Structures are given as structure tokens and as C-alpha cells.
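Inspection log for the structure reproduced underneath, given as C-alpha cells.
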Amino acid sequence: MNSLLLTGGRVIDPANRFDAPADLLIVDGKIAALGKAAAAQAPADVEKMDVSGLVVCPGLIDLHVHLREPGQTAKETIASGTAAAARGGFTSVVCMPNTAPAIDNAGTVALIRERAAKQGVVNVFVTGAITKGIAGEELAPIGGLKRAGVVAITDDGHCVQNNELMRRACEYAKMFDLPVMDHCQDYSLVTDGVMHEGYWSTALGLRGWPSAGEEMIVARNILLAELTGARIHCQHLSAAGSVQLLREAKKRGVPISGEACPHHFTLTDAAIAGSEKFWAEDGKPIFPDAGRQTPDALPSWPAYDTNFKMNPALRSAHDREAILDGLADGTIDILCSDHAPHCDYEKEVEFDYAPFGITGLETGLALSLMQLYHTKRLSLTDLIAKYTVAPARLLRLSKGTLSVGADGDVTVLDPDREWSFDRSATASKSLNNPFYGWTLKGRATAAIVDGKKVWSELNEPVAV
Ligand SMILES: [Zn+2]
């Protein structure tokens, strides 16, 4: 029998509204007891882990991760991506289907699930494509994908432009009880933009795309969710108008939900101009309440740094505040990284030619804590809920809780730990992250999957 007893921690389980000092016992990969019963029921040979002063919560789930396998293993593999996940405190990741080939058939789903079972450090849940080859023209075999084990469908990286096709996808998805996740983007408005359209795109001479390019499709998805009854989830929201649309639709009971990524609620398009001195000119200074983190303490970087190029684009300070407000009032249900690794040689080109995206598995929790918990916008319980019970409910996973009998996935974290993200320390194969050298506050100290420690700071201390 395999058992682990975590002692002395503050246990937070948002699904059960539990927040108290307690011991936690995991036996044979399942949560066995919480509180006084934990030590009493522990087998004689139990492995003990002292977590005094730390927070113990259900294993975090990252709903939006690009593992790049199969086909793009120079950027990331299932092994390296899940190792980065564990280091960031995630015990489950949901991988996107824009691999090469795309995950649009049962065979590719089976390949990833087999490889993840052998080489994955944490749980991997697979999403399937909405359309064949993510080409937006013909539906993928949604029933076959469901039977093969996908937890949702999405054409992430792309967006189905044909509304009739999207409607049919929603109808099939509803039949198979799968959520439809969407990268909301109207191509006729986005065109070949490389950043947010506004003051900075003009000042920098870069082609911009307006927030309306996202909001248009969020509105479309609300109408289709109402029409079909399918559950539609809007991925990586970046625009203030999207939050407002979602807020109104949810009030009417439309089955729609949304997620936000730390880069969108931490940075603005001013970052592409290259220096923290611009923050003050673009609304509020970043991290106003996060202790010693002041604009002057932020590192600077060159203008046109491609590590600030993402899709959706970094938007204005107004948009950033709206995303934070949407997270605070519950309009945006889920936090995730959109971990999008790219090789150095791909990113080290002119801004126009670089691919979109940054890595995020190892910085997501810290940035979320800084922007939401340390600024008092969200309680620790409500923040953890957006990484645990909320994604578990959307995908109908038996995860995201510490109820007795649940899977023994646990994250241990220190919300107040100050540390610095070091290029040499990442477990990802790729280095495209804008937050190297920043003083971050809060991080995971251990990740436990099925009752086994898959990563612990004790084995691998991090720079403070
Ligand atoms: Zn996307």
C-alpha cells in the first residue's frame, strides 16, 4: 500500500468550501482522510510530508496548454511540457489539438493518451479539433473523438468562421455532452495584425487588430449557445467588451463561460514599446499593491521584443482592468496559461515574422496570486477555485476537490514566497517567456499526482 500524510498545512478545498489547518492522508492514489482522522487512519509505514506554513489544495488544472506533440517536438514534448506543469504546481493539463497532424481523429487521441501515460509527469487530458485539420471547412468526427476520450472540442489557434458550421458543431457537441471551446477571432477584422490596434500600434508602426475582432465572435458564441443549448467556453479573453458580453449573457442563464491568462491581466500593449517607464502613462502602474513590486523594480527590455507577441494580443490598460474585474466578480470562471512554447530561432526574428505565444506553466500561478490575491481582488479560495473545481466542472472531470475518495492529486503552495524565474531553471524545452528576472510572489512547492510526489522544491530548490 502506498500512502502519504501531509501534516500541518492550511487545507483549502473550494469545492467543499473548506479552509482550515488540517492533515491530509492519501492512500493508494485516493484522498483517504482529512483532519484528525488523517493521522489516526494512516498506515504504520506512511510517508510523512511536513507542510507547516504552506497551503494544501486540490491539484491545479491548466485548461489551456500546447504540448506540441506530435509533430513539433523541438518546441516541447509531452515529457518536458508535463515536467514544466509539475514545476508550476499543475497536476493536470488539457492539451490543445493544433499539433502536426492535428488531433482530429481517434488514432491521434490514442497516441497522445498512450504517450502521456508513459512519459507524462502529470495527468494529460486531450481536446479534439472541431474541424478536420483545424481548417474550418468540414466537421471532425466528434462522436469518434468523444469515444476516444477527448474532454472538449476546439480549433484553438484558429476560429471557425462559418457560423452554420459552428452551429452544427455545437449541436453535435451537445449530443455528446462535450463543451465547445473557442479561440474567439473574426478574421475579417483581425486580418494580418500583429498586435492590439491602438496608440501603441500606431506609435510602433505595427499592424494592429481591434478588440472588436474578439468581441464579435464572443457575441456569436453567446447567440449559438442560446440557439443550440451547447456549452460554449470562450478561450483566453483579452478585451473589455468580451467581459461585458459574457457578464450580460450569464445573467440571462446562457450556457457560456470564459477563461483568462496571466499575461493578459498583467501586461498591456505598452510592453511592446519596451520599457516600464511607459506603464505609468498607460493607466495605472502595474502591481500597485503587491508589496515591494513597483514600476521602478520591473526589469526593462528592448522594444519589439517578440516575447510580448501573443494571440490574442496584449491590450490596453482599460482591457487589463476589465479582465481583472471579470475575474473578481465571477464573470470569468477559469484561469489558465495558454502555454505556447516556440524555439529561439522562431522568436528571434522581426516582430512581424515571429510566431504568437509564450510559455506560461511555471509563471501562471505566481502572476495570478500577484494580480488577484495580493491585490485583494480575490480570496485564496476563490482564486484556487478557478484553477481546480471550475475547470473540473466544465470538463466533468473527477478532479479539482479533496473530498474523500477523490483522486489523490494535490498541490502544495506558498502564496507569499518571493522568487525570480530563471531561464536556466525552466523545465520547458522553450524559453519564450517575458517574465525572466521579475520578482514574483507566490509559488508551488510540491505537486502530487495519484498520491506520488512528482515535483518538490526540496529536491530542486528554486532561486529566491
Ligand atoms: Zn488560442
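Treat the numbers as computed from the prediction; the structure is a model and nothing was measured. Count residues from 1 along the sequence. Start at 1 and go down the list; that is how both ligands and their atoms are numbered.
- In this structure, a donor-acceptor pair under 3.5 Å is absent between the side chains of Asn432 and Glu346.
- The closest side-chain donor-acceptor pair between Asn123 and Thr91, if any, does not fall under 3.5 angstrom.
- Aromatic ring pairs are classed by plane angle as parallel below 30°, tilted from 30° to 60° and perpendicular above 60°; the pair His158 and Tyr187 is perpendicular.
- Within His183, ND1 is the N, O or S atom that lies nearest to the Zn ion (ligand 1).
- The two residues Ser420 and Gly437 have their closest heavy-atom pair at OG-CA, 3.9 Å.
- If you look at His236 and ask which of its N, O or S atoms sits nearest the Zn ion (ligand 1), the answer is NE2.
- Among the heteroatoms counted here (N, O or S) of Asp156, OD1 is the one nearest to the Zn ion (ligand 1).
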